[in-house]
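Worksheet: the structure to be examined is printed underneath.
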Amino acid sequence: MTWVLATILLPLVGAAVVAGMKKNDRLATLTALVVSLLTFLLVIPMWASYSPTGDRIQQKSSMDWIPNFGIHISFGIDGIALVMIAVIGLLVPIVVGALGLTDKLPAGRSAGGFLSLILVQEALTIAVFAATDVFLFYVLFEIMLIPMYFLIGGYGGANRQYAAVKFFLYSFLGGLIMLASAIGAYSLASDKLGKGTFDWETLVTVVRDAPTGTQIWLFLGFFLAFAIKAPLVPFHTWLPDAAGQAPIGVAVLLVGVLDKVGTFGFLRYCLPMFPEASKELAPWVLVLAVAGVLYGSILAAGQRDMKRFIAYVSIAHFGFIALGIFTFNEQAMVGSVSYMLNHSLATGMLIVVVGLIVMRGGSTRISDYGGMAKVTPLLGGMLLIAGLSTLSLPGTNSFISEFLVLLGSFVDYPVYTIIATVGMVLAAAYVLWLYQRVMQGPVRGDALIGAGGGPGTAMAPELGATKAIKDLGGKEIAILAPMVVLIIALGFYPKPVLDTITPSVQATMSSVQGGK
């Protein structure tokens, strides 16, 4: 058994165990935490055994599934998949450990049910990044919607059902269109090889030689599915609703990990399989990318809800990632892949910190807060660190990613790059605006000061009751500490990540440049 298979199977087994602990929330939480930590530990030997200079796909495993149609259960990783699996392994223990600190489960809901869905989501997401059979990838792409649907619809906010259905329908429809393109690629392989196959490495060599017109149609099927998942403007409208209604822990996985399946799909499927179509349609994709940067930034600046604010910030960041991918510049593409990792860390931490704020103040409305740093200075510092990473301040992890994207894309697309740079200015404005409104100034707002209260008291608006506000405790610091360490460490020394992903990016570039 490979390390990849182990990281998929362990959370599934853990989910089955945790699901049976419906009457003991504490035991369920402890078990889920142990399982998620063990899964993360498995990433260490997986990373250690990966050779950046070795084969493009490593740690392969395969078994027949539907042999008459050339379908296999096949897994393997490249450097891009490896870093995404690593960040999943990191974020899930944080989500599990934060339960109760950032979220309260609805009445009548057990921690066992919630955490079992989290572990299933982890397993399916790892499997999606590791799948090397296109049909298997499609099946996992659709199945992974199910636990997320129940996590949003069963444990989210007041409009959770609407948000869950919208999320599911958008992604499910995109997946069906992708299936049609996958069948088209299968048919091309059947015509050329005499038998059909869904093996990714085989399809890359077969489909890339198809006429440009055929490639364009097949490309569009995959692209639409990934553009919805990413999400790119104008396919983004499900994200603010889903992120706004999802519990904090679920939002961490939704915004921090699941949407990376879209940008990963661009790199793994769209570019290598359809190189001519990718180059032909790249200018249109770049328009969407730059539009996303500006649109997301402007909408983020106008948000009144902190969770929706983060959703629009992510839309802007995905514009940067798409810009780096579709400029077909190695430097920019390396920046985009590292941005996928660093966005997960920065946004994951930002969402967790917002969850800690909301649990203290009882409201997601920005206007309900003010001067909170006077009451909770450690929490204020955590929000500042997460915000600075989000706006890509030099010395934080996101800076090198954004810098590489802009530096590489400027070579061939200076106009797009200059326009996208405006998004950096807007990022500084909306992040600092959020921090100033919530943490600075006089202590004000019903969320922070009760009737006749002062610093150190707070009132949850929906309860109308005064309670003491406390700063971060030991458990909360332990949850945030790994992300703080990585944000700073990767800000000053990103070499291990860049060395891991660069050969995979070079292989992707070689596939594109080797097209007709």
Side-chain angles (χ1 to χ4, degrees), residues 80 170 174 216 219-220 222-240 255 259-272 274-275 277-301 311-344 346-347 390-392 398 400-427 430 505 508-509 512:
I80 302 170
Y170 266 63
I216 288 176
F219 169 92
L220 288 173
F222 281 90
F223 174 81
L224 182 60
F226 300 142
I228 291 172
K229 182 71 75 177
L232 283 181
V233 173
F235 311 105
H236 67 285
T237 58
W238 63 268
L239 181 61
V255 182
D259 45 16
K260 305 303 187 303
V261 174
T263 49
F264 175 81
F266 293 151
L267 292 159
R268 173 63 69 85
Y269 295 96
C270 288
L271 269 61
F274 317 108
S278 298
K279 289 183 282 189
E280 188 78 16
L281 297 177
W284 297 99
V285 179
L286 293 176
V287 170
L288 298 182
V290 173
V293 171
L294 298 180
Y295 175 85
S297 298
I298 293 170
L299 268 290
Y312 281 107
V313 170
S314 294
I315 290 170
H317 287 171
F318 276 100
F320 277 108
I321 296 173
L323 174 67
I325 291 173
F326 283 92
T327 52
F328 304 111
N329 177 281
E330 181 182 320
Q331 202 170 40
M333 199 175 291
V334 168
S336 289
V337 177
S338 66
Y339 213 148
M340 290 164 60
L341 167 67
N342 291 321
H343 174 267
S344 296
T347 304
T390 299
L391 64 82
S392 302
S398 300
I400 187 63
S401 302
E402 198 164 282
F403 178 73
L404 288 175
V405 168
L406 295 174
L407 189 64
S409 61
F410 186 80
V411 175
D412 295 309
Y413 297 94
V415 175
Y416 291 110
T417 306
I418 292 170
I419 296 173
T421 304
V422 177
M424 297 178 63
V425 179
L426 293 174
Y430 58 66
V505 168
T508 302
M509 288 291 299
V512 175

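Just so you know, residue 1 is the first one in the sequence shown, and it goes up from there. Since the model is a prediction, treat every value here as computed from it, not as a measurement.
Taking both residues in full, the closest heavy atoms of I325 and S336 are given as N-OG, 3.3 Å, listed atom of the first, atom of the second, then distance. Contact record, V313 with T390: CG1-CG2, 3.5 Å, taken as the closest heavy-atom pair. Taking every heavy atom of both residues into account, L323 and S409 meet most closely at CD2-OG, 4.0 Å. Scanning all heavy atoms of the two residues, the minimum distance from L406 to T421 falls at CD2-OG1, 4.1 Å. Heavy-atom minimum distance, A322 versus L286: O-CD2, 4.4 Å. Contact detail for V290 and A420: the closest heavy-atom pair is CG1-N, 4.4 Å.
Under the 4.5 Å side-chain criterion, counting only non-hydrogen atoms from C-beta, V293 is not in contact with M424. Contact annotation: the side chain of V512 approaches that of K279 to within less than 4.5 Å [non-hydrogen atoms, C-beta and beyond]. With a 4.5 Å cut-off on side-chain heavy atoms, M340 and L267 count as touching. Side-chain contact between T327 and D412: absent, with no pair of heavy atoms (C-beta onward) separated by less than 4.5 Å. A heavy-atom distance below 4.5 Å is not found between the side chains of Y339 and L404. Using a 4.5 Å heavy-atom threshold, the side chains of T237 and Y170 count as touching. Contact check for Y416 versus I419: no side-chain heavy atoms found under the 4.5 Å cut-off. Residues L220 and L281 meet the side-chain proximity criterion, which asks for heavy atoms closer than 4.5 Å.
No side-chain donor-acceptor contact under 3.5 Å links S392 and S398.
Taken from CG in D259 to CZ in F226, the straight-line distance is 14.0 Å, to the nearest 0.5 Å. For the atom pair CZ of R268 and OG1 of T508, the computed distance is 8.0 Å after rounding to the nearest 0.5 Å. The distance from atom CZ of F320 to atom OG of S297, rounded to the nearest 0.5 Å, is 6.5 Å. Note that the NE2 atom of H317 and the CG atom of L391 stand 8.0 Å from one another [nearest 0.5 Å]. Here the CD1 atom belonging to I80 is positioned 12.0 Å from the CG atom belonging to L341, to the nearest 0.5 angstrom. A distance of 11.0 Å separates CG of L294 from CG of L299, quoted to the nearest 0.5 Å.
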Task: Trace of the ring pair (Phe, Tyr, Trp, His ring centres under 6.0 Å) decision for H236 with Y295 - done: CA-CA 11 Å; H236 67 285; Y295 175 85; 4.9 Å; yes
TODO: Under the side-chain contact (heavy atoms from CB on, under 4.5 Å) rule, what do Y413 and N329 come out as? Steps first, then yes or no, please.
DONE: CA-CA 10 Å; Y413 297 94; N329 177 281; over 6 Å; no
- [ ] Using the side-chain contact (heavy atoms from CB on, under 4.5 Å) rule, take V411 and Q331 through it: C-alpha gap first, then chi angles, then the decisive distance, then the call.
- [x] CA-CA 10 Å; V411 175; Q331 202 170 40; 5.6 Å; no
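The 12-atom threshold is not exceeded at CD of E280, counting heavy atoms of other residues, nucleotides or ligands nearer than 6.0 Å. Around the CZ atom of F410, the shell of radius 6.0 Å holds no more than 12 heavy atoms that belong to other residues, nucleotides or ligands.
Between F266 and F326, the ring centre distance stays below 6.0 Å.
The aromatic rings of F222 and Y269 lie parallel to each other, their planes meeting at an angle below 30°, with 60° marking the opposite boundary.
A distance-only check finds a donor-acceptor pair linking the side chain of S278 to the backbone of C270 [under 3.5 Å]. For K260 (side chain) and V255 (main-chain N/O), a donor-acceptor pair under 3.5 Å exists by modelled atom type.
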